[in-house]
J.: 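Starting off with a structure, shown below.
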Amino acid sequence: MVRRIGLTGGIGSGKSTVATMLVARGAVLVDTDAIARSIAQPGGIAMPALEAEFGRGVIAPDGGLDRAAMRQIVFADAGAKRRLESILHPLIGTETQRQAAAAGEDAVVVFDVPLLVESGRWRALVDRVLVVDATEATQLKRVVARSGWTPDAVRAVIAQQAPRAVRRAAADAVVFNESLTLLELETEVQGLWKLWAAATTR
């Protein structure tokens, strides 16, 4: 029986849309990106350590993390990326575990983890890995349209993520969300839900 599903995909792949569809079918979502944002908000538990490590230049006027400034530092310096992760990852891990435990033993929990494959540790923590995939050209188009980022900024994020082939190789199932309508995507998600989770939720 499948109770722990790891959900991942490149930026702009449609992963968040798939997560919403799984929640609508009864899953409990643990969103590690949302956790990362919450701990770096004004007053967030990560802020003192982030300021101590990177200085006032990464602090926004409201007291939260200036993500654009932090992104520039990380893209320019691999060491800075490791230092950032050493602060954020333990805090994210603790809150992830807390939310999963709060869901209860009988819940189907979907862990939305953008860097699931890159982290190397998630395979042992979930029963199945679901990858939402799209071509890089489609990722670029979607993210530019929704965020206003420059194409170069989106390419920089894609370059930081695992190659599509590596993500797909780590998957138990792949949803190729290249030109699917929302209804077609719903149909694929429903099929996976029946296969993996329906028996645990009846």
Side-chain angles (χ1 to χ4, degrees), residues 1-39 41 88-89 91-136 138-139 141-143 145-147 157-158 161-202:
M1 294 193 300
V2 177
R3 298 197 187 280
R4 299 291 185 266
I5 298 171
L7 172 65
T8 195
I11 187 171
S13 64
K15 174 176 59 64
S16 295
T17 301
V18 170
T20 299
M21 292 175 177
L22 290 168
V23 169
R25 284 159 175 78
V28 175
L29 179 65
V30 177
D31 185 338
T32 59
D33 245 5
I35 292 170
R37 288 192 297 271
S38 71
I39 65 176
Q41 288 178 345
L88 296 182
H89 286 185
L91 298 172
I92 294 169
T94 297
E95 179 60 15
T96 296
Q97 292 172 8
R98 187 197 68 77
Q99 291 187 18
E105 292 184 1
D106 293 333
V108 176
V109 180
V110 173
F111 297 91
D112 183 339
V113 187
L115 300 181
L116 182 148
V117 173
E118 293 85 338
S119 75
R121 68 185 184 89
W122 274 97
R123 175 72 267 185
L125 301 177
V126 296
D127 302 314
R128 297 288 188 276
V129 171
L130 172 58
V131 168
V132 185
D133 186 42
T135 64
E136 289 189 8
T138 295
Q139 291 177 260
K141 180 179 177 181
R142 287 173 179 166
V143 178
R146 80 184 185 202
S147 69
V157 173
I158 292 173
Q161 298 181 326
R164 290 176 57 214
V166 173
R167 273 197 302 270
R168 292 174 68 101
D172 294 294
V174 175
V175 172
F176 186 48
N177 186 29
E178 178 67 18
S179 56
L180 297 179
T181 65
L182 275 177
L183 181 58
E184 289 168 339
L185 185 58
E186 286 265 13
T187 299
E188 290 214 18
V189 171
Q190 177 64 15
L192 281 170
W193 181 258
K194 285 184 176 179
L195 179 66
W196 285 358
T200 72
T201 55
R202 282 200 294 264

J.: If you compare all heavy atoms of Leu116 against all heavy atoms of Gly6, which two are closest, and at what distance to 0.1 Å?
T.: CD1-CA, 3.6 Å
J.: Does any N or O in the side chain of Gln161 come within less than 3.5 Å of the main-chain N or O of Ile11, such that one atom is a donor and the other an acceptor?
T.: yes
J.: So which heavy atom on Ala171 is nearest to which on Val131, and how close?
T.: CB-CG2, 3.5 Å
J.: Taking all heavy atoms of Asp127 and all of Arg3, pick out the closest pair and write down the distance.
T.: OD2-N, 3.0 Å
J.: Looking at side-chain heavy atoms only, is the closest gap between Thr32 and Pro114 below 4.5 Å?
T.: yes
J.: Is the side chain of Glu186 donor-acceptor paired with the backbone N or O of Met21 at a distance under 3.5 Å, no angle test?
T.: no
J.: Identify the residue among Val108, Val110, Val189 that makes a side chain to side chain contact (heavy atoms under 4.5 Å, CB included) with Arg25.
T.: Val189
J.: Report the distance from atom CG of Asn177 to atom NZ of Lys15, rounding to the nearest 0.5 Å.
T.: 12.0 Å
J.: Atom CD in Gln99, atom OG1 in Thr94: separation rounded to 0.5 Å?
T.: 11.5 Å
J.: Side chains of Arg164 and Gln139: does their closest heavy-atom pair fall under 4.5 Å?
T.: yes
J.: Less than 4.5 Å apart, side chain to side chain, heavy atoms only: is that true for Arg167 and Val129?
T.: no
J.: Rounded to the nearest 0.5 Å, what's the gap from CG on Leu185 to CD on Gln190? Could you check?
T.: 12.0 Å
J.: Measuring from atom OG1 of Thr20 to atom CG of Leu29, what distance do you get when rounded to the nearest 0.5 angstrom?
T.: 7.5 Å
J.: Could you pull out the closest heavy-atom pair between Ile5 and Val2, with the gap in Å?
T.: CG1-CG1, 3.5 Å
J.: Return each pair, listed once, that meets ring pair (Phe, Tyr, Trp, His ring centres under 6.0 Å) where at least one residue sits in residues 105-131; pairs must be two or more places apart or across chains.
T.: Phe111-Trp122
J.: Which is it for Arg4 and Val30 under the side chain to side chain contact (heavy atoms under 4.5 Å, CB included) test, yes or no, and what are the steps along the way?
T.: CA-CA 10 Å; Arg4 299 291 185 266; Val30 177; over 6 Å; no
J.: For Asp172, what residues pass the salt bridge (charged side-chain N to carboxylate O under 4.0 Å, His left out) criterion, not counting sequence neighbours?
T.: Arg123
J.: Rounded to the nearest 0.5 Å, what separates atom CG in Leu7 from atom OG in Ser13?
T.: 8.0 Å
J.: So Val109 and Val126, do their side chains get closer than 4.5 Å, heavy atoms only?
T.: no
J.: From Leu192 CG over to Thr187 OG1, what is the distance, rounded to the nearest 0.5 angstrom?
T.: 11.5 Å
J.: Does a side-chain heavy-atom distance below 4.5 Å link Asp33 with Asp112?
T.: no
J.: Name all residues meeting the salt bridge (charged side-chain N to carboxylate O under 4.0 Å, His left out) criterion together with Glu95; count only those two or more places apart in sequence or in a different chain, and write none if there are none.
T.: Arg98
J.: Can you see which heavy atom on Ala170 is nearest to which on Val117, and at what distance?
T.: CB-CG2, 3.8 Å
